[in-house]
A.B. asks: 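Encoded as C-alpha cells, here's the structure I'll be asking about.
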Amino acid sequence: MIQVVCAIIEQHKKVLITQRSSQMSQALLWEFPGGKLEAEETEKAALVREIQEELNLLIVPDKRLTPVTHNYGSKTIQLIPYTCTLLSGEIILAEHAAYSWVSIDALLNYNWCPADVPIVEEYLSLRQLKL
C-alpha cells in the first residue's frame, strides 16, 4: 500500500484544490494537493515537502482527518488528509494542470479523484459544524 498525504489548505474561507494533469493517473480529476511519503519521513514533513515542491507554498499541517484506503486497480493507496494553514508563497504549478481557491459550499461541484471523495465529505461535515 502506498501512503499519500494531502493538504486541505484554508485561506479566507476558501480551500485550495488542484487538477491532475493529463499525463497523470486519474487525469484531469480534482484533488487536495499532496504526495507520497518517503522512507523514514513523518506525515507532516512529507506534506510540507510535497506542497513546497508541487506548489511553491509553505504550509503548517494542523489537524489530521480520517485516512482513506482506496484501490485503484493497479495500486492501493492510503490517503492521509490534514487541514493546513498557509504561511507564505505564490502558487507555481510544477505538476498539476490547474488550481482553484474554492468556497467550501462549492467543493461538491468538482469531479474529484475517488480517494478524495470521502475526505471532501468529512471536511464538509466538520466545517458545517463550525458554521
Side-chain angles (χ1 to χ4, degrees):
M1 183 172 350
I2 302 167
Q3 286 192 307
V4 179
V5 287
C6 68
I8 304 170
I9 303 169
E10 304 169 308
Q11 185 180 46
H12 308 301
K13 297 186 179 182
K14 294 197 173 188
V15 178
L16 181 65
I17 64 173
T18 51
Q19 185 180 39
R20 295 177 68 81
S21 77
S22 58
Q23 289 76 41
M24 300 167 93
S25 63
Q26 308 302 309
L28 302 180
L29 295 181
W30 290 87
E31 66 182 354
F32 293 116
K36 297 175 191 162
L37 267 77
E38 294 180 353
E40 306 300 318
E41 191 174 37
T42 67
E43 293 173 0
K44 289 183 176 184
L47 196 52
V48 169
R49 175 186 54 76
E50 286 284 351
I51 298 304
Q52 177 67 46
E53 289 174 0
E54 292 184 7
L55 299 172
N56 190 47
L57 298 176
L58 182 58
I59 61 162
V60 174
D62 298 317
K63 182 179 180 192
R64 186 182 198 259
L65 302 185
T66 307
V68 172
T69 300
H70 188 83
N71 184 332
Y72 279 107
S74 61
K75 64 184 174 200
T76 299
I77 68 165
Q78 180 184 42
L79 187 57
I80 305 162
Y82 280 85
T83 58
C84 299
T85 302
L86 176 62
L87 293 182
S88 64
E90 290 193 29
I91 295 175
I92 299 172
L93 294 176
E95 295 182 7
H96 291 88
Y99 73 91
S100 185
W101 286 100
V102 178
S103 63
I104 293 166
D105 59 356
L107 285 171
L108 292 176
N109 298 338
Y110 289 82
N111 193 10
W112 290 90
C113 292
D116 286 79
V117 171
I119 294 167
V120 172
E121 292 169 351
E122 179 182 12
Y123 179 72
L124 287 173
S125 69
L126 289 172
R127 284 296 163 248
Q128 287 170 352
L129 293 174
K130 290 186 176 185
L131 297 178

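Quick note: numbers below take in every heavy atom, side chains included, and nothing from hydrogens, waters or symmetry partners. Note that the numbering runs from 1 along the sequence shown for the chain.
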A.B. asks: Can you tell me if Asn56 uses its side chain to pair, donor with acceptor, with the backbone of Glu90 under 3.5 Å?
C.D. replies: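 Confirmed, Asn56 side chain pairs with Glu90 backbone.
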A.B. asks: Do Ile8 and Leu65 pass the side chain to side chain contact (heavy atoms under 4.5 Å, CB included) test, and can you show the C-alpha distance, the side-chain angles, and the key distance before you say yes or no?
C.D. replies: CA-CA 10 Å; Ile8 304 170; Leu65 302 185; 3.6 Å; yes
A.B. asks: Establish, from distance only, whether the side-chain atoms of Glu10 and Tyr123 form a donor-acceptor pair under 3.5 Å.
C.D. replies: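 A pair is found: one side chain offers a donor N or O, the other an acceptor, under 3.5 Å apart.
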A.B. asks: Report the distance from atom CD1 of Ile104 to atom NZ of Lys13, rounding to the nearest 0.5 Å.
C.D. replies: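 Result: 8.5 Å between the selected atoms.
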A.B. asks: Would you call Ser100 and Trp30 a side-chain contact if the rule is heavy atoms closer than 4.5 Å?
C.D. replies: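 They are in side-chain contact.
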A.B. asks: I need the minimum non-hydrogen distance between Lys44 and Tyr82, along with the two atoms involved.
C.D. replies: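 The answer is CE-CE2, 3.8 Å.
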A.B. asks: Show me, pair by pair, the donor-acceptor contacts under 3.5 angstrom made by side chains of residues 35-42, not counting sequence neighbours?
C.D. replies:
residue, atom, partner, partner atom, Å
Glu41, OE1, Glu38, N, 2.9
Glu41, OE1, Arg49, NH2, 3.0
Glu41, OE2, Arg49, NE, 2.7
Thr42, OG1, Ala45, N, 3.1

A.B. asks: For a 4.5 angstrom cut-off between non-hydrogen side-chain atoms, does Trp101 reach Ile91?
C.D. replies: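 Yes - at least one pair of side-chain heavy atoms lies under 4.5 Å apart.
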A.B. asks: Are Leu16 and Gln11 close enough that some pair of their side-chain heavy atoms sits under 4.5 Å apart?
C.D. replies: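 Heavy-atom side-chain distance check fails, nothing below 4.5 Å.
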A.B. asks: Show, in sequence, the C-alpha distance, side-chain angles and deciding distance for Glu31 and His96, and conclude whether the side chain to side chain contact (heavy atoms under 4.5 Å, CB included) test is met.
C.D. replies: CA-CA 10 Å; Glu31 66 182 354; His96 291 88; 2.7 Å; yes
A.B. asks: Measuring from atom CD1 of Ile119 to atom SG of Cys113, what distance do you get when rounded to the nearest 0.5 angstrom?
C.D. replies: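 Rounded to the nearest 0.5 Å, the CD1-SG separation comes to 10.0 Å.
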A.B. asks: Yes or no on side chain to side chain contact (heavy atoms under 4.5 Å, CB included) for Ile92 and Leu55, after CA distance, side-chain angles and deciding distance?
C.D. replies: CA-CA 5 Å; Ile92 299 172; Leu55 299 172; over 6 Å; no
A.B. asks: Mind checking whether Phe32 and Trp112 have side chains closer than 4.5 Å, heavy atoms only?
C.D. replies: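 Of all side-chain heavy-atom pairs linking Trp112 with Phe32, at least one is under 4.5 Å.
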A.B. asks: Could you grab the distance from atom CD1 of Ile51 to atom OG1 of Thr18, nearest 0.5 Å is fine?
C.D. replies: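 Here the rounded value is 7.5 Å.
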